[in-house]
Amino acid sequence: MKKGDHLFLVDGSGYIFRAYHALPPLTRKSDGLPVGAVSGFCNMLWKLMQDARNTDVGVTPTHLAVIFDYSSKTFRNELYPEYKANRSAPPEDLIPQFGLIRQATKAFDLPCIEMEGFEADDLIATYCRLAREAGADATIISSDKDLMQLVGPAVSMYDPMKDKEIKIPEVIEKWGVPPEKMIDLQALTGDSIDNVPGVPGIGPKTAALLLEQFGDLDTLLARAGEIKQEKRREAIIANAEKARISRLLVTLKDDVPNVEPLEDFVLQPPNGPKLIAFLKALEFTTLTRRVAEASGTDAAEVEAAVVKVELGDAAHGPDVGAGDSVPTSALRGGRPEGAGGGEAASTPAGASPPTPLRGEGDTPQTLAAARAETAASMPFDVKSYTCIRDIAELYRWMDEARDAGVVAFDTETTSLDPMQAELCGFSIATAPGRAAYVPVGHKNGVGDLLGGGLVENQIPIRDALAALKPLLEDPSVLKVAQNLKYDLVVMNRHGIDVRPYDDTMLLSYVVDGGASTSHGMDALSEKWLGHKPIAFKDVSGSGKSFQTFDMVDLERATCYAAEDADVTLRLWLVLKPRLVAKGLVSVYERLERPLVPVLSNMEQRGISIDRQILSRLSGELAQNAARIEDEIYALVGERINIGSPKQLGDILFGRMGLPGGSKTKTGQWSTSAQLLEDLAAEGHELPRKIVDWRQLTKLKSTYTDALPGFVNPETGRVHTSYALASTTTGRLSSSDPNLQNIPVRTAEGRKIRTAFVAEPGHRLISADYSQIELRVLAHVADIPQLKKAFSEGADIHAITASEMFNVPVAGMPSEIRRRAKAINFGIIYGISAFGLANQLSIPREEASDYIKRYFERFPGIRDYIEETKEFARREGYVETIFGRRIHYPEIRSPNPSVRAFNERASTNARLQGTAADIIRRAMIRMDAALVAAELDAVRMLLQVHDELIFEAREEDVELAIPVIREVMENAAMPAVSMSVPLSVDARAAHNWDEAH
DNA sequence: ACAGAAGCTTA
DNA sequence: GTAAGCTTCTGTT
């Protein structure tokens, strides 16, 4: 072996265990004897060997060996008799697979390595060392954390089941420590599976923290007395010896004697017929075909090998054939490869007769009432749903939907992020109780992880979508979905549009805005249908047991997915009439529904970020934060966790006795920035440093470190997700990542904005409304002075100050203007003397006096606030000028503080909600206006409440800006003619910072 | 693994 | 004083 060579070491024992346990329980049981792990293992080996011949692939093995555990007794048992003592025998159905995997390895003509007294991990460690010393690289095919200590510049790991490489950064990401500290970390945490004791009560997070603080295990144990947390300190002192033994147990032995020379591992082309004989014996038809194609062998000519299966003795030696043997086919019950999972239930003919939605006589009102009644009262029967696996049946359902004229539609995918989600299937409902699921991308368990492996008898995705597309785009059929934007992004990516449509989430948002906390389907179903649908996590699991939807067996998938469509259709039947009854149709049709494709497009476009800028910033922030950290430690005298407000409070106000500390509601000392700033102003050194440290670490963790992880690998851009129905006021919200709170206030923070960039040859255009909420206030409250000021383009805060304090605008002290500005914002937020006093750091009496004076000068605003409260109390809601209703069910609460809160929120909601409606109207019209100006290439990317960000070709910028301003400034028209002009500032630049 | 609190970012 | 979302810490399950 020489420099440039690449050794692959497959952790055979680890692989089979992991593959077995990764199978969902249902699939495993119904499959009789799973050879899924063996199939997955063969697929994986084959793929690795294919890559070796494909020089386009970056990492290609020149040497390969598969390593196994020999037996359970190793040198570690001498050290610690309890090692692996509580490990139970492998599950019965797993036992035969150990032998099969060894046989598979031999069928591939690959070295099958094991040694008595040593674990596979020790052999792997030894071969890694040998490869390293020869100047070669090594890749360990495993994801076992016990092996991560081996990772280094020349050694990486590869998780074949997640198709993920594990190098130094990945180890740090997962465990918080670099590979060379993994041994110390494991010594502290122990391992319950292997019965490595560790220190009780110390988990990976704490261990990483301690190692970060003390450097390594020996230092930690020597200086354990310095640990601040009592419980932790005691635990470590008491268990120091256990930690030392644990370290011996988890340290891999990289000098196992008498190992095979690496030269024996040189990768040879596989022996086609020999391999095929084995694969045929196990009925791995797909892989048999692939191998036959690749090796130019006629598979039909090859006779299946006789494969014996060991029963009994599980992780045992090379003498295959010991114990009773039976042919595999007998054990596998003759099932074809990978036929895991139950067959989905199909509807018995004649069950649940469809209630047609078209063709009923009667008046619209009684019809609607009858439909709503049916929808709410008819029981749910998830067993009655159909799983469509036949193209002719799918076409019959498409016809049925077309006849009904309304169809509920839902997609099932592998991810919450619609830009990365893969379609698993879709469901439709044509009448209450009549729904079906069409699986198109469900996979078998581990058996087919690397390449294909679709569950059999699914309609090919192309064919299914070809049948679906005409229905989704049929102008005479209404499609109903819950949160359609998600499904729209997914379907758009498959070249399918959806129109016309209704969205039950948005119907609920318009009908019940403010009254329901969530407009999610489960909540709506319980509220309107009195039915609790199957929870997603009951189908897909959560946490460790989570599996993507494509791994869910078809029966359960059908129950879940078809029920969602059924629920959606019934919700529509209930909610649509209520929309009409409450006179909210135009709010829904003008402000909500049309925004769905607009946002879908914005999300799909995404925005470019410059990762280099972020990574440079991240480095700078880390350095500066580390410097401040050291200064803080020096001032405090010990290495506290600065990120812990609890520890910080104890030090600042407890031990150091700084003044002015107030308590939060849980009895902790408050360490808010405001309070620390005050202390800093009094000349204390430490609070200033803490504030600075917090700013730097916040910028680093939330922005510079997190944003690059959101870059979509296919598009190279960041695609946020906008929620249409998550705020009470009508604003949008942004998440994953939130692009509505990118820093702007400080110079340091603004640097992050420079990383949001336009494509080459393009510019970002930022257009934002100036003082939109104050303008709305001036309009709705009809305040002459404010209207005049806005019409003249005057400085509104200065005018306010001038009115209140009788000082001329010219030469006004900035402090006076600042106070007026705070009052103006206070008004928008539903002012209180308490809040204003806090904001301005003045006594409450003084704040109260300001407010009084303000209302004397602007009596119209006091009237407006009083009218709003009265209306809200009487009706239980307030309205924006476009008729959006926002409910405040608690406004009549007997609790004065709850009531006061609702009063403030409702006065604010009219203003914030109206402003939100205005920018929604602008967004809805924007595309058409740009197209009309032949600016189709100008793309709206982001919305930040009062700002829109566009990307435009350089040559389009000049023309685009006036079009954008025009649309935004006239967005209220013609529904409302505002008595105050709206004003928009727009600017173009290469990055968001300069454009803003 | 999850939930709540505290803190910080935006409009 | 309004409206959001994300990270870290902390304690519980």
Side-chain angles (χ1 to χ4, degrees), chain A residues 201 203 205-206 209 229 231-232 514 537 541-546 641-649 663-676 690-691 693-703 705-707 710 720-723 726-746 748-750 752-753 768-769 771-773 822-840 844 847 851 865 886 897 900-913 915-916 919 942-947 996:
Chain A
K205 295 289 174 208
T206 314
L209 200 72
Q229 295 85 347
K231 254 174 60 188
R232 232 175 249 182
K537 71 173 197 309
S542 69
K544 213 176 153 186
S545 69
F546 176 80
N641 181 355
I642 310 168
S644 160
K646 190 169 176 290
Q647 290 183 35
L648 218 46
K663 299 277 183 87
T664 66
K665 63 179 167 185
T666 52
Q668 292 293 318
W669 293 105
S670 165
T671 64
S672 67
Q674 173 73 59
L675 201 147
L676 296 180
I690 294 167
V691 169
W693 181 87
R694 278 187 183 161
Q695 193 203 7
L696 298 179
T697 51
K698 170 82 177 176
L699 292 175
K700 183 171 186 295
S701 66
T702 309
Y703 302 106
D705 288 353
L707 281 171
F710 284 100
T720 184
S721 171
Y722 287 106
S726 77
T727 70
T728 41
T729 56
R731 275 190 176 180
L732 304 179
S733 76
S734 155
S735 64
D736 309 296
N738 181 354
L739 295 185
Q740 290 180 325
N741 72 348
I742 303 300
V744 70
R745 275 208 253 271
T746 65
E748 199 65 23
R750 264 200 305 279
I752 290 163
R753 293 203 168 206
D768 67 301
Y769 284 107
Q771 305 290 359
I772 187 166
E773 289 174 6
I823 292 171
N824 275 335
F825 274 99
I827 295 294
I828 293 171
Y829 295 155
I831 200 150
S832 79
F834 181 83
L836 185 63
N838 255 345
Q839 175 68 30
L840 289 174
R844 198 179 322 174
I851 295 171
I865 292 173
I886 301 144
S897 70
F901 174 80
N902 277 272
E903 288 171 357
R904 289 194 300 272
S906 57
T907 36
N908 169 257
R910 277 184 81 182
L911 305 174
Q912 193 185 107
I919 197 163
L942 303 178
Q943 188 249 40
V944 192
H945 308 307
D946 65 359
E947 176 187 12
H996 183 72

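Every chain is numbered from 1, with letters handed out A, B, ... down the list of sequences. What you see is a predicted model, and the numbers here were worked out from it, not measured in a lab.
- Looking at heavy-atom distances under 4.0 Å, A:Leu836 makes contact with a base.
- Two residues are said to be in side-chain contact when any heavy atoms from C-beta on lie closer than 4.5 Å; A:Arg694 and A:Thr671 meet this criterion.
- Side chain of A:Asp736 to backbone of A:Thr720: no donor-acceptor contact under 3.5 angstrom is found.
- Listed nucleotides: C:dT10, B:dA11, C:dA3. Nearest to the side chain of A:His945: B:dA11.
- OP1 or OP2 of B:dT10 sits under 4.0 Å from a side-chain N or O of A:Arg745.
- Residue A:Ser542 has its side chain nearest to B:dC2 when only C:dA3, C:dT8, B:dC2 are considered.
- The distance from atom CG of A:Leu699 to atom CD1 of A:Ile752, rounded to the nearest 0.5 Å, is 4.5 Å.
- For A:Pro645, counting side-chain heavy atoms from C-beta on, the closest listed nucleotide (C:dG5, B:dG7, C:dT7) is B:dG7.
- Nearest to the side-chain atoms of A:Ala673 among the listed nucleotides C:dA3, C:dT10, B:dC8 stands B:dC8.
- Among the nucleotides B:dA11, C:dA3, B:dG7, the one closest to the side chain of A:Thr671 is B:dG7.
- Using a 4.0 Å heavy-atom cutoff across all strands shown, A:Ala837 reaches no nucleic acid atom at all.
- Taking atom CG on A:Asp705 and atom P on B:dT9, their separation rounds to 16 Å, with Å as the unit.
- Counting heavy atoms from C-beta outward, A:His996 and A:Arg750 have side chains that stay 4.5 Å or more apart.
- Here the C1' atom of nucleotide C:dT2 and the CG atom of A:Leu732 are 17 Å apart, to the nearest Å.
- One can place CD of A:Gln647 at 9 Å from P of C:dC9, the figure rounded to the nearest angstrom.
- A:Gly826 comes within 4.0 angstrom of a base, heavy atoms only.
- Counting any heavy atom pair closer than 4.0 Å across all strands shown, A:Ser701 reaches sugar-phosphate atoms only and no base atom.
- If you check B:dT9, C:dA3, B:dA11 against the side chain of A:Val944, the one that comes closest is B:dA11.
- Residue contacts shown for A:Leu911 are absent, as no nucleic acid heavy atom lies under 4.0 Å away.
- Put simply, CD on A:Gln695 is 18 Å from P on C:dT7, counting in whole angstrom units.
- Contacts of A:Arg904 with the nucleic acid, taken as non-hydrogen atoms under 4.0 Å apart, involve only primed sugar atoms and P, OP1 or OP2.
- Contacts of A:Asn738 with the nucleic acid, taken as non-hydrogen atoms under 4.0 Å apart, involve only primed sugar atoms and P, OP1 or OP2.
- Dashed line: the shortest gap from a side-chain N or O of A:Asn641 to OP1 or OP2 of C:dC9 is under 4.0 Å.
- Taking CG from A:Leu648 and CD1 from A:Ile690, the interatomic distance works out to 4.0 Å, rounded to the nearest 0.5 Å.
- For A:Ser735, the side-chain atoms get nearest to C:dG5 when compared with the rest of C:dG5, C:dT2, C:dT8.
- One can place OH of A:Tyr829 at 10 Å from P of B:dA11, the figure rounded to the nearest angstrom.
- Side-chain atoms of A:Gln740 stay outside donor-acceptor range of the base of B:dT10, with no qualifying N/O pair under 3.5 Å.
- As judged by a 4.0 angstrom heavy-atom cut-off over every strand, A:Gln839 is placed among the base-contacting residues.
- In the set C:dG11, B:dG7, B:dC2, B:dG7 carries the atom at the smallest distance from any side-chain atom of A:Arg694.
- Side-chain contact between A:Val944 and A:Leu739 is absent, with no heavy atoms from C-beta onward closer than 4.5 Å.
- When the C1' atom of C:dT2 is taken as reference, atom CD1 of A:Ile865 falls 13 Å away, rounded to whole Å.
- No engagement by A:Phe825 is indicated, since no non-hydrogen atom pair under 4.0 Å with the nucleic acid exists.
- Closest to the side chain of A:Ser733, from the set B:dA11, B:dC8, C:dA4, is C:dA4.
- Distance, A:Trp693 CH2 to B:dA6 C1': 13 Å, rounded to whole Å.
- When the side-chain nitrogen and oxygen atoms of A:Thr728 are compared with OP1 and OP2 of C:dA4, one or more of them lie within a distance under 4.0 Å.
- A:Leu942 places a side-chain heavy atom less than 4.5 Å from the side chain of A:Tyr722.
- Computed from coordinates, the A:Asn824 CG to B:dA11 C1' distance equals 16 Å when rounded to whole Å.
- Among the nucleotides C:dG5, B:dA11, C:dC9, the one closest to any side-chain atom of A:Ser644 is C:dC9.
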